[in-house]
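Residue numbers begin at 1 in each chain, while the letters A, B, ... track the order of the sequences.
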Protein chains: 2
Amino acid sequence: MGGLAREDYLADIYRLQAEHPEDPVSTGSVAVRRGVTAASATAMFKRLARDELIVYRNYSGVSLTQAGEELALGVVRRHRLVERFLADVLHIPWQQVDAYADQMEHALPDDVVDRMEALLENPYTCPHGYPIPDKHGRLTQPELMLLRDVPPGLAVRVARVNERVEGLLAYVAELGLMPGSLIRVTRRNNVDLNVTVEAGGREHILGLRVSEAIWVERASSPDEA
Amino acid sequence: MGGLAREDYLADIYRLQAEHPEDPVSTGSVAVRRGVTAASATAMFKRLARDELIVYRNYSGVSLTQAGEELALGVVRRHRLVERFLADVLHIPWQQVDAYADQMEHALPDDVVDRMEALLENPYTCPHGYPIPDKHGRLTQPELMLLRDVPPGLAVRVARVNERVEGLLAYVAELGLMPGSLIRVTRRNNVDLNVTVEAGGREHILGLRVSEAIWVERASSPDEA
DNA sequence: TAACGGATTTAGACACAACTAAACTTAGTT
DNA sequence: AACTAAGTTTAGTTGTGTCTAAATCCGTTA
Ligand SMILES: [Mn+2]
Ligand SMILES: [Mn+2]
Ligand SMILES: [Mn+2]
Ligand SMILES: [Mn+2]
């Protein structure tokens, strides 16, 4: 009854779709993300399509049906809430919570998830800044901007850090650029695309690989504490 | 890599062994406990024996090897600790925590379990009174007595309630006989074997089905707060 | 438009974990 | 000692989820 692998496929299809809203989700991209062969992904697509959780046409990738998206959002909700729980209640470093949550997300009864949410006082995002769907799968996406695109002089707040970029989370924590941090972009080099930011009194020069993995929002809300 | 069903079999074999230390654990008893057919249990026994987690001789039941017992104790530890967590931190009624823990026990990284243990301040038992193995699988069994066997007049403390007796947990909670409660046995009827206890100022007459599902300890430790 | 090459699917295999039905063992009873 | 009934194992099937190797498809390039 469980459907462990199923849930991971659905959630990964959801995330891939969210990352590239244009094109359909290809067999290869799912296989790479899941760490399985393309043949395995094809086989799973057939089962998911048979159960009407995805729409699948040979050689044309997949998309989630209504039912599939609902299941995917449930997994994503459990994942991000348990990440918050692990970070905030058990004080586990944010570099580790994604892997742990990947394991736990399939075994959490709804009741437990809902109570965790209440205990955490209904957080909006996971520790990396990704939004947490509510109990009904609803999701509010704030307007974010890539740090790469922030014009010099602007003060912004770090909102989200891509948790999948190798080594980034530890680096970001070290620099004091975690979600919530107030920073100011002081320079942008148009040749090598480096961005210089001032954070907590220190200046850091960030390469493109970092600046396009960090999202920020206008640091304007005065109703913040 | 998971080994979901495996873990449940090992833990159930462990618990059955603990409940009947005399005889070997039979195929049928495991099948009933697990809710599967005897044929399924036999098939699993072969895999577990192949991996040297149990000793299995046809028609003679099974016993855990060293390695098997270590794994089983790990599952039992996770189960009972997460029960404590669900009850104490999330305030889930103790009637429900066993079922939830059964689901969650396979998906909790050791690091998470250890931190939960610290958060809970190293509890000795699950909410039902069963001992929690430590990180190394060590386990201290206090000397307990069945409520059925307590002589009239003796004051005792409820130590453990069998979580598998249908409806018992809700009934026990209603009567105020949860682990930790101080009670006194006032009468024992030698014909119908009913036991009368006084708990929290009220008297209750308990049938055999209840009195042999509750363990107690001498209520003597004055170092109890 | 024909061929190439990368992506995808099919074919065939395997391990796990469950089932039903049939055969077998064992222990207790005539 | 043979019989029988309960318990157990075997045999055969199913569905999931993975793999490798071999076909197949399709967009681009010649
Ligand atoms: Mn997962
Ligand atoms: Mn996250
Ligand atoms: Mn379990
Ligand atoms: Mn318990």
Does [N] have OP1 or OP2 sitting under 4.0 Å from an N or O in the side chain of [X]?
X     : N      : value
B/S40 : C/dA18 : no
B/K46 : D/dT9  : no
B/R47 : C/dA17 : yes
B/T37 : C/dC19 : yes
B/T27 : D/dG7  : no

Might you list the N or O atoms of the protein lying below 3.5 Å from N or O atoms in nucleotides 23-28 of chain D, with each pair's distance?
unit_1 : atom_1 : unit_2 : atom_2 : d
D/dC25 : O4'    : A/Y59  : OH     : 3.3

Within this structure, what is the [atom1]-to-[atom2] distance between [X] and [N], rounded to whole angstrom?
X     : N      : atom1 : atom2 : result
A/D8  : D/dT16 : CG    : P     : 17 Å
B/E7  : C/dC16 : CD    : C1'   : 15 Å
A/L10 : D/dT16 : CG    : P     : 14 Å
B/M44 : D/dT10 : CE    : P     : 16 Å
A/L4  : D/dT18 : CG    : C1'   : 14 Å
B/L48 : C/dA18 : CG    : C1'   : 14 Å
A/R57 : C/dT8  : CZ    : P     : 16 Å

Would you indicate what [X] reaches in the nucleic acid, counting non-hydrogen atoms under 4.0 angstrom: base, sugar-phosphate, or nothing?
X     : value
A/Y56 : sugar-phosphate
B/F45 : nothing
B/A41 : nothing

Quiz item: In Å and rounded to the nearest 0.5 Å, what is the CG to CZ distance from A/N122 to A/R84?
Solution: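 Atom-to-atom, A/N122:CG and A/R84:CZ are 12.0 Å apart.
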Quiz item: Between atom CG of A/N194 and atom CZ of A/R188, what is the distance when rounded to the nearest 0.5 Å?
Solution: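 So the CG of A/N194 and the CZ of A/R188 are separated by 11.5 Å.
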Polar side-chain atom of [X] near backbone of [Y] as donor-acceptor pair, under 3.5 Å:
X      : Y      : value
A/T27  : A/A38  : no
B/R115 : A/H91  : yes
A/R77  : A/P133 : yes
B/R160 : B/G129 : yes

Practice problem: Name the closest nucleotide to the B/A38 side chain, picking from C/dT9, D/dT8, D/dT18. | Solution: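 Closest nucleotide to the B/A38 side chain: D/dT8.
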Practice problem: Go through D/dT10, C/dT8, D/dC19 for me and flag the one nearest to the A/S26 side chain. | Solution: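 So the side chain of A/S26 is nearest to C/dT8.
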Quiz item: Are a donor atom and an acceptor atom from the side chains of B/H128 and B/N162 found within less than 3.5 Å of each other?
Solution: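 Result is no, nothing qualifies.
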Quiz item: Toward the 5' end of DNA chain D, which comes first, A/R50 or A/G35, by nearest nucleotide?
Solution: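 Taking each residue's closest nucleotide, the earlier one in sequence belongs to A/R50.
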Quiz prompt | Side chains of A/W215 and A/D149 in contact at under 4.5 Å (non-hydrogen atoms) | solution =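 Result no, sub-4.5 Å side-chain heavy-atom pair not found.
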